[in-house]
Structures are given as structure tokens and as C-alpha cells.
Q: 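Before I ask anything, let me first share the structure, which is written out below as C-alpha cells.
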Amino acid sequence: MYLYNLTLQRASGITHAVHGNFSGTRTQELVVSRGRSLELLRPDPNTGKVHTILTTDIFGVIRSLMAFRLTGGNKDYVVVGSDSGRITILEYNQAKNQFERIHMETFGKSGCRRIVPGQYLAIDPKGRAVMIGAVEKQKLVYILNRDAAARLTISSPLEAHKSNTLVYHTVGVDVGFENPLFACLEIDYEEADTDPTGEAVHRTQQTLTFYELDLGLNHVVRKYHEPLEEHANFLISVPGGNDGPSGVLVCSENYITYKNLGDQPDIRCPIPRRRNDLDDPERGMIFICAATHKTRSMFFFLAQTEQGDIFKITLETDEDVVTEIKLKYFDTVPPATAMCVLKTGFLFVASEFGNHYLYQIAHLGDDDDEPEFSSAMPLEEGDTFFYAPRQLQNLVLVDELDSLSPIMACQIADLANEDTPQLYTVCGRGPRSSLRVLRHGLEVSEMAVSELPGNPTAVWTVRKRGEDQYDSYIIVSFVNATLVLSIGETVEEVTDSGFLGTTPTLACSQLGDDALVQVYPDGIRHIRADRRVNEWKAPGKKTIVRCALNQRQVVIALTGGEIVYFEMDPTGQLNEYTERKEMKSDVICMGVGRVPSGEQRSRFLAVGLSDNTVRIISLDPNDCLTVRGMQALPALPESLSVIEMGGQEGSENEPRTLGSLYLNIGLQNGVLLRTVLDSVTGDMSDTRTRYLGSRPVKLFRIIMQGNESVLAMSSRSWLSYYYQNRFHLTPLSYESLEYAAGFSSEQCPEGIVAISTNTLRILALEKLGAVFNQVSHPLEYTPRKFVIHPESGHLVVIETDHNAYTDDTKRQRKMQMAEELREAAGEEETEVADRMAEALLSEDLPDSVFGAPKAGPGMWASLVRIIEPIQGNTLHTIRLDQNEAAFSISLVKFANQTDMDQQHLLVGTVKDYQLSPRIVDCGYIYCYSLELVHRTEVEDIPTAICSYNGRVLIGHIPNLIVDIKARGQRVFVSDVQESLFVLRYKRQENQLIIFVDDTNQRWVTTSCLLDFDTAAVADKFGNIAVDPTGNKALWDRGLLNGASQKAEVIANFHVGETVNTLENLEMHMRSEHPPLCGRDHLSFRSYFFPVKNVIDGDICEQLNMVDQAKQRSISEDLDKTPNELSKRLEDIRTRYAF
Amino acid sequence: MGDRYNIHSQLEHLQSKYIGTGHADTAQFEWCVNQQRDTYASYMGHFDMLNMIAIGENETKARVRFNMMEKMVQPCGPPPEKNED
């Protein structure tokens, strides 16, 4: 038995972000690391939307990421420091839409180890060298250069090791074209390690050390070091050479200091603090991330504090000697792991937790009344400046990227009564946390809905001229009339379009350069640009029943199965082909592809007949109207669509690569078939099947991100598209539609116009590639767990935050501070103090924007919330007292109650809990039915509660029980460090007996019962294991997505598929297509325990990304064709997941 | 005898190259210090562990990382007095 692993939702948190021109064009792009995958994002400077261009799984942990550019180059490269013990340099290849590995140099062991470099990366700003460093001791410098063919070269490593030294941060110093220089924050622990009195550790000072790479001598020297007054956490490199004074800004607790190799006096400025802050007064303040913006004439830095406040930092210089640091409060955004200022005037903020944002920088904060703080202002030692945070003033939010990270808990249920269940996840941290309802499907944004007179049957859009960018008319057909709407600022009816309004329409299209064509049951109407109309009338008593058309060709089927073919000649005249084709049975549907660019016609016509076949008919003049191919169908066809998919968008210097032709067949039984159509012979091969819904499938060709895709409509609407080297068939999260067409206007360049009963809707799909669409409802504190009340479908969530105040305490603290203000004021100042106190009390900054105040360790805020998940209404909240924290929740039916079916809600809380070392005052278990019934006091933390045969199990024994699940008489208990136990209750002895334990001691975070004998557990190192109740682990796999992704993973695995082919495929993929950053795939999956009986679908699915020749050689080794393999992969995916 | 000598020098090489490699006289303190430093380094390298701790403590990731670096200097307090005999 094997298990097959598929990632449904990729990690959405961002750990690193860098910006540059990676595709070599002048577009500003971002490369972000999502932990174990790399993503290329392209913010559109016009719309401000961020588009994901490429996502690559690297099967390794990305620890650091940097972008660099060789001197005089126009393209940025990416350097990745990962856990592979190798340094990797990647280049983005736009034609293939792939990252290509240019260099990979091995320097050490794999894994995230203390002395193996990879944790820190620093780049010489001129792109001449890169330093890769470990947390301790090791630092390596590689020289980057070009060879004669202008290819990037990398030298052998130069060592800059220093033992017994810890490194906090490294950065490349901008020294212009002098020898490359790197600055490191270091601390030497040797003395502290050997001094038993413990005094040495206080004497030990952090040092700022500069390493110089001597390009002439080809070695690295420790050039200069100086001790720092307080411990710093990171460095910002200051532009040098011709652009600025060079040197570094040292960001330490409460201070920011400018230093430059000791040549210049230090300039030091305290980090300003919020006025009247409720934070623990003992806390210091540090900068957590920074971004630099540099133009030819100026530069500035944006640095963010822990509270999320951004400061704009500028340096005053006097002939390249820095004289002053100036700080100015800029704006407040969520605390970030990385910020990037783009040259196009955007600020990208990769939030630590929760959604990421793209802001437009509207003002630089130069001429507002915000006070500017300067290092030159006199201040007493230990004193600082104060400012008041406010709403955004300089930044304008333009786009938001959804991030589920961290998922604290997840359950699957159908509470909304849609036939497919939804995923209920509680995500986020503190005041930015949320309950998100995920549904499989593409998010649809509704741009407009308008009512029509009567129920239309079909809709199309046409342009007036072939080269028009946007559509001109929307044509709506009714049973006995046709309505023409023109698209402009508004959409309104027109009568002078030339279309015949008194008849239903079968199809219409733009024809040639500037003509239009309308096909209606009695004929074809060809409308020339000068309003001349040519009509072709259907002969005798026959009418046109079906038609297919594109920009140059019109094919119609008359009653009785006769097919007539028209083609446009160079003068713009529609000419009928001399012969007609008689089909043996009725024509049900027809389809013809778009005219390929540079050609006269589309070569093939696909015809669906009532004898359950599809025939391919040639339209080539040599053998016009002869049948080229035939495919039998399992049911009657309903609709056909021939489209080209899989091509790559062209760029300036690279032409568009052609995709292949696909024939999509919608059947009347709700099945969609997709067949490859050979563009020369017309042969059909490699059919993929998918059931879409209960109604006949209608197909519409639309344009999505510049490529053709198919909108398939059954009882649900689906979009079949090619995105990032993979076919996607995703349902739209929208009510069912009847007919649709592509739509393009200035406001909505790529939309859909659709009809549903008597309304006309304009829709847009923006988040292509997203598997789930989400609805988000805000919560107050970090959600911990939740239960679903099955009768009402409501959720009960417990939210708990460490280091936080409850609302009550916050109010009290404010009152207290106002009181202190008044008392501190002298006689004359009472009025001022009163006003300030008043202002303090009335001030109301939402925590979700400005962050909750940090109360200090051991302070807890917690609440229990009942929420209706569909609308997101909170029905009831129970706020716990300060320092009482809820940790477990369960719904229980007690056997000894008179009403056996009465549900009781049990909440386990703890009072005065200290995290490290763990000290607990006492715990409580609250029991609610309609009101609080009972409060039980217990000694320790009740960390898990579970209903068990009319009784309740409470876990509060050491080490720490994290989860209890019960089924029948069995109890599955997960311990925080001793893995899983299976217990049974003996009624006679009133005892719980452990009858199964695990040989591997796992640090379990969550568990899930698969059946009576099997449980899946996830541990905090990111392993998933399935334990049958023998005492050995059946299978295991290393480092999945880490703790933040565990809930998803459980939903991900499907037991019991024997897949031998894939096992071999996985082996081949490992050897033929090793992960990008050089981590060995097998050892990555076996990070902590050897992987066993699991096939990694994620690597298998990369088959489609491998080039054709390799695909062929892999598949030959497996005695299969590449198509068979990829079909197999797709089948597995669609059968069990989506 | 050459073999044994060789193994000895190999061990010494390992000990100098990889900090924390044990030897016959490794004391509890030294072992603990190395273990703690290794652990902190691993936490900082694995973004998911850092996330988890940051959520638990409700601090920013940069602060958690900074705290860990600070703790790495002397994770187990001062070393015990050395017995001279």
C-alpha cells in the first residue's frame, strides 16, 4: 500500500522577498520565498494588481534570498541560501517560464545547522561578490564575474571563518568600485564559555566587523572591527561610491547608529516611541525590517518597528560625511518579514502573518506637518522622541495577497448546505486573525448585473475592427429577437449596428478586418464597414440549425445534416465553397478554432453528430470537406470548442511559442472530454475525461491572461485553462450560468459576459491559479481551537493571546495613565494635562491596524466566541478575565444528565500561566449549556477535552497532552513529546489502560483518526505519520510544510492506492529532475524520519515542467508514453482531490 | 597500530571542524551548551519553527530571532568551576 501526497493549497506566508528585473525587461518584479517554494510576482504598474507568474517547489527550506545584478547588466539574478549545503544562483527564463539554475556550489553538510552557511546572504551592491554565512563561525565569499561569452561565473569559495563567533546579520557595504566589503554583527562567546564567575558574559560586547575581499590578492581579510554599545539585530547598507556616503546603519534595541569603518564619528539617534503607549514600559523597541530606495539624486530608507510603524530615514551629509540622521513617522502597516520599494512607486509588504499588501507610495512625507526627529536634537541619555500613529497618509493600498498563514485549526463540513463541503479554517495572529471559509473554486468578482426584458438564450461580444483592443457590442439573442448593446462608458441599446433585430441569432462574430457577421435561422448577414449588407438566404424550406465561425470562416449546418462552408477572400467577400457536405445523421454541434496568426484559415472543423460521434472535417482547399478523423463518444455531444493551449506569451525578443490544439467536447450527460488535436493530420489522441455536473455541458471560448481558455457550463461553471505549465479545471464559485462570452473593455480587460435567467452579468476572474476562494471574518485574538455545533451549524471558537491585555485592562491602563498625566502636571499646566488626558482617553486606534499593545510575559487575554460562519455574525462572546487563557474546548453529552441529548460546551482554561519555565496557578473547566453550569478547578492546564461515551476526558498530565480523540471504547491520546498512545477504559477497575504506544517519540501537534485502527499524527517538525495500532509507525515523511500547514495536510492524504508506475516515476524524477536548489529530494522528505510508503505527487507533477526529450526518456524507461504518464497523474489528482 | 592512530587524528579533525563533536572528556555543561546552541540555530533556520514560537510568545519574528541569538551566547548560565585535581 502506498499513500500519494498532493499539495492542494501551497504555503501562502512569505519568508523572504527581493525585487529586481528578473526577466531582463524593464518590468519590476518580486521573487518571494514561501518557505519551500519560490514565486515570481509581477505587480502591474497600471492596475496595481500583483500577478503570480511562476511558482516552483524546491523541496528544501529557503533560509535566505538575495537578488543581484552584475555591473552594467540589465537582468537580476537570484541567490538562494537553503538547507542543501549549497549556494544556488538562479536566473529566470521568461520564454520557458522557469527558474534556471546557473550555478550550484557545494560547501557543506545539508540541514539547517549551526555552522553550515546558508542562514545569511550578503551581496556586494555592485554585484561582484556574495557572502554566505552560518549562525556560527563559517562565512564564505564567492566572487562573481562574467566570462568572454558574458555568462555569469562564480569563483571557488574564500573563507572568512572565525570560530566561537555568533553572527546576527551580514550585509554588503556599498564602497563603489573599491574592494568589496561586508559588514557583520558578531559576538564572541569564547570568554563567556570559560568564565565560571559569569562576569565575562556581561563584559562581552557585540562587534561590528568588516570583511574585505581583496580582489587583487584573492583573499578575505578581517579589516576592521569595533565594539557596539548595545546589542544590534540588523544592519542597513548605506549607498556609497558616487551615490552616497557609504557605511552602515546599525539597528539596535532603542537606537539606530550610523557607522563607517571608524573614519567618521558615529551618529546616533534613538528610535521614537508612540505617545501614550500601553506597551509594557520595560520593553525596548527594535526595527524588524527595512527597505532602501535609491535614485541617482537621492536615497532614503524605510524601516519598520515591531509595532508596524514605518519610519522614513534620511541622512544629512556634508561632503560625504554624515552629520545627521533624520527619522520621520511615515505610516503604519502590518509587521513584515520583508519590505520592497519598487522603482514604479510601490511598496510591497510581506506580512509576518496574514495577508500581504501592495501599497502605492502617494507621498514621500516631505511636506506634511509630521514632526521630524533628528540625531542633532539634544536628548538626555535614555530619553526618546514621541509621535502619534495615525491612519495611512503617504501610502494607498492597491492590492492584497491572501495568506492563510498560520492556520491554527481547520475542519471540513458542509455548514452552508452546498453539496460540496467547505473548509473552515481559523488563521492569523492577534487582532489580525480571522475565520476563513474556503471553497474549492475560482473567485468571481461581479462587475455589473443588469436586467433584460425577457429571458435571453445566448450572448456574444464582437469588436468592430479586427485590431480593436476592446469589444464594441454585446449581442443578446432571445427566442424571437436580437438585442444589440454598445459598450462604452455605459452599456446601452443601439439600433444602427446593422444587425437584424427581428430574428433570433445563432452566432455572430467580427469578420476580416472591419466587417461583422450574424448567422440567424434564415440566413447569413454580412455587414461591411461602410454599412453595406450582403445577405445569404437559406435555400427553400431549409433553415440553419447550427453554425461555427471565426474571423475568416463561416460554417453552417442546414436541417437534414447538410454542411455549407464559406470562406472570406482577400477582398473581404464571403464565398461559398462549391460543394456541400451531407452528413449521415443530424448535426448537434460544430466548432472551429481561431485562425492562427499568419495563416488564412483554421484547418479543421469539428462536428458532433447524433450518432454519438465527433468527426473532424478538413477545411483545407486541397481536401475540403473530407472527413479526417472520428471519435466515438459515450453519450450525445452538446457543444464543441477547438482552442490552442499551452503556448507561452511572447516577449520583445522572443516569439510566441505555439501550444497544441485541443478539442473540448461537452456531452449531454455532463461530462467534459479534452482531446489533443494534431494540428497537421487532425488526428485525435490522449483524451481526458471529467464529470462537471448534472446538466449538458456548454463550452465557450474566452481569453484569460492573454491565452485561450474554455468556460464549461453544466450545473456548475468551470474554467479550463493552462497556467504555470499545468492544466487547471476549476469550478467558479458563482451561481449557475446559461450562456457566456468573453468580454473586454477598458474597465475590465479580461472579463466574461454571461446570462442567467433574465439578467446579464459582467464577471471578472482575477485570482487564476488559486485553488480555493475565501471568505474572511475577523476575530479578535489568536484563535486556538474551535468546535462545530452540529445542530445549529455555528462555530464555537476559543481565542487566546499571550502578551496581551483584555479590553477591560486596556481601559483601566488608559485611565491610570490619564490620571498620572494629571498628577504629574504642575499648577500652570493643569489645563494642558487635562486636555492631553482627555485626548488619551478618547483616542481609539483599532488594534487590527496598529497592533495590540504588548503587555509583557505572563499576561493573557482570552475569549470564547460563538460565530455563525456563513454571514460571519458573532452571536455571543464570553470574555475571560485578564491572565485567564482558554486552551481547550469540546462539546459533550453527559450520560448521567436527565436530558441525555443536551449538549454541554466545555472550555478548559488556565490562570496565571508562565510560558518558560512552565508555571501554572491553576486551571478551570467551564461547563456551559445555555448558561454557565459549573466551574471545576484543576491543578494543571486542561490542554485537551474529549467526549467519551457520555463522560468526558480531560488531558492535563505531564508532559503535556495536546489532543485526545475517542472512537468507540478506544481513546487516542497525543502527547507533546511522546507521540501517540491508545487507551481503553476499564469500567470494573475504573482505570484507563494504555495498550498501544509508539516507538518513535514524536512531538505531536495534532492528530486525526482515519479509521478504528489508524490515526494520522502531525508533529511540530513538520512530519506526518500514519500509525496503525500496532506499535510501529507505518509511514512517515519529513518536513512537509511545517506547523502552519498541518490542517491542510490531513485533508490531503488519501489512503489505499497502489501505484507502482508512479513509484518508478518518482524515482526517475528524482534523478532526472533534481530539486532546484540542490536539496536531495529523498533526504528532504526524510528530514527527521525516513520516508516510507509515500509517493510524493508534488515531484511527480513536475513531470510536465521537464523538457520534452527528458520526458520521453523517463517514460520510455517506464514503458509508457509521456501522455499516458501525465494522464495518470491527472487522473489521480482529479479522482481524490481537485 | 597505525589504524588506531589514524582514527584518533580523524576524530581530532572532526572536533576542530565541527563544533560540538564529543570527546572522551565532554562534560555535561559543554554538552548542554552545544545542544542548546544547535537547537536555536535550527529554530532560526526552519521558518516554521520560528513561526510557531512567534505565535506562542506573540512577538514579531525578528524579535524572536534576536532573543534566540542573545540566548546563544550563554544558553546554560556560566560554566561550573573546574576542579584542578
Side-chain angles (χ1 to χ4, degrees), chain A residues 13 15 35 61-63 83 111-115 118-119 134-137 163-164 166 168 187 189 192-201 204 231 233-234 253 286-289 306 335 337 352-353 405-406 408 429-430 782 801-804 854 857 915 1020-1022 1039 1041-1045, chain B residues 12-21 25-84:
Chain A
T15 57
V61 177
I62 298 168
R63 298 164 73 192
D83 64 343
C112 297
R113 289 165 210 262
R114 182 156 58 133
I115 57 156
Q119 184 73 27
V135 177
E136 186 174 324
K137 185 178 163 185
S163 50
N164 301 326
L166 301 170
Y168 284 65
I187 195 161
Y189 64 72
D193 255 11
T194 49
D195 173 41
T197 59
E199 281 166 16
V201 72
T204 313
H231 285 196
N233 65 321
F234 86 106
E253 191 139 15
I286 58 171
F287 281 128
I288 57 168
C289 72
E306 281 178 282
T337 49
E352 285 194 324
F353 299 109
S405 165
M408 301 300 289
R429 184 179 72 170
T782 312
D801 258 346
H802 178 235
N803 204 356
K854 301 264 189 260
L915 278 180
K1020 75 170 185 178
F1021 304 107
L1039 205 88
N1041 292 333
S1044 55
Q1045 296 282 329
Chain B
E12 269 188 356
H13 175 72
L14 280 179
Q15 274 148 6
S16 70
K17 192 170 172 192
Y18 299 109
I19 301 153
T21 311
D25 298 325
T26 308
Q28 187 198 14
F29 175 76
E30 198 185 324
W31 189 83
C32 281
V33 166
N34 277 313
Q35 191 204 37
Q36 297 247 352
R37 286 191 183 134
D38 285 341
T39 308
Y40 285 129
S42 169
Y43 285 167
M44 283 188 276
H46 289 113
F47 66 97
D48 49 332
M49 291 303 295
L50 201 67
N51 278 357
M52 197 169 118
I53 295 165
I55 295 165
E57 292 185 358
N58 198 11
E59 294 282 1
T60 58
K61 290 206 276 189
R63 170 68 79 172
V64 173
R65 205 180 294 132
F66 183 50
N67 287 347
M68 285 184 184
M69 285 305 307
E70 297 284 88
K71 282 187 206 157
M72 273 176 87
V73 178
Q74 195 166 66
C76 307
E81 296 278 352
K82 280 231 172 80
N83 284 336
E84 289 307 316

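So that the names make sense, note that chain A is the first sequence line, chain B the second, and so on, each numbered from 1. This one's a predicted model, so the numbers in the text were calculated from it and none came from an experiment.
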Q: Ignoring hydrogens, what is the shortest heavy-atom contact between Pro78(B) and Thr197(A)? Give both atom names and the distance.
A: CB-C, 4.5 Å
Q: Would you call Glu352(A) and Lys61(B) a salt bridge, taking side-chain N to carboxylate O under 4.0 Å as the test?
A: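 Between Lys61(B) and Glu352(A) there is no salt bridge, as every charged N stays at least 4.0 Å from the carboxylate O atoms.
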Q: Glu30(B) versus chain A, heavy atoms under 4.5 Å apart: side chain, backbone, both or neither?
A: neither
Q: Could you state the interatomic distance from CD1 (Ile55(B)) to CZ (Arg429(A)), rounded to the nearest 0.5 Å?
A: 7.0 Å
Q: Would you mind checking which part of Glu199(A) comes under 4.5 Å of any heavy atom in chain B, side chain (CB onward), backbone (N, CA, C, O), both or neither?
A: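 Neither part.
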Q: Can you tell me which of Asn164(A), Thr204(A), Val135(A) forms the most heavy-atom pairs within a distance under 4.5 Å of chain B?
A: Val135(A)
Q: Side chain from CB out, backbone as N, CA, C, O: work out which of these in Phe234(A) comes under 4.5 Å of a heavy atom of chain B, or both, or neither.
A: neither
Q: Could you tell me whether a side-chain N or O of Gln74(B) sits under 3.5 Å from a main-chain N or O of Ala192(A), the two making a donor and an acceptor?
A: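 Yes, because the side chain of Gln74(B) sits within donor-acceptor range (under 3.5 Å) of the backbone of Ala192(A).
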Q: Flag this pair as yes if the NZ/CZ of Lys137(A) is under 6.0 angstrom from the six-membered ring centre of Tyr18(B) and inside a 45 degree cone about the axis; otherwise no.
A: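 That pair does not qualify as a cation-pi contact.
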Q: Is it the backbone or the side chain of Leu915(A) that comes under 4.5 Å from a heavy atom of chain B, or both, or neither?
A: side chain
Q: Check each atom of Asn67(B) against the heavy atoms of chain A and say whether the ones under 4.5 Å are side chain, backbone, both or neither.
A: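 It is neither, since no heavy atom gets under 4.5 Å.
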Q: Heavy-atom cut-off 4.5 Å, strictly under: side chain, backbone, both or neither for Met49(B) against chain A?
A: side chain
Q: Let's test your reading of the structure: which of Ile187(A), Asp193(A), Ile115(A) forms the most heavy-atom pairs below 4.5 Å with chain B?
A: Asp193(A)
Q: Tell me which of these, Arg63(B), Glu70(B), Met72(B), Glu59(B), has more heavy-atom pairs under 4.5 Å with chain A than the rest.
A: Arg63(B)
Q: For Ala41(B) versus Arg114(A), what's the shortest heavy-atom pair and its separation?
A: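 Taking every non-hydrogen atom into account, CB-CA, 3.6 Å.
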Q: Between Lys854(A) and Asn58(B), is there a side-chain heavy-atom distance shorter than 4.5 Å?
A: yes
Q: When you compare the side chain of Asn51(B) with that of Pro406(A), does any pair of heavy atoms fall below 4.5 Å?
A: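 The answer is no; the side chains never approach within 4.5 Å.
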Q: Quick check: closest heavy atoms across Glu253(A) and Phe66(B), and the distance to 0.1 Å?
A: OE1-CE2, 3.6 Å
Q: Would you say the side chains of Arg65(B) and Asn233(A) form a donor-acceptor pair under 3.5 Å?
A: no
Q: What part of Gln119(A) lies closer than 4.5 angstrom to a heavy atom of chain B: side chain, backbone, both or neither?
A: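 Side chain only.
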Q: Answer with side chain, backbone, both or neither: which region of Tyr43(B) has an atom nearer than 4.5 Å to a non-hydrogen atom of chain A?
A: side chain
Q: If you count heavy-atom pairs under 4.5 Å with chain B, which of Ala804(A), Pro196(A), Gly198(A), Gly111(A) comes out on top?
A: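 Ranked by heavy-atom pairs under 4.5 Å with chain B, first place is Pro196(A).
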Q: Which atoms of Ser163(A) are under 4.5 Å from chain B, going by heavy atoms: the side chain, the backbone, both sets, or neither?
A: neither
Q: Given a strict heavy-atom distance threshold of 4.5 Å, which part of Ile286(A) is in contact with chain B: side chain, backbone, both, or neither?
A: both
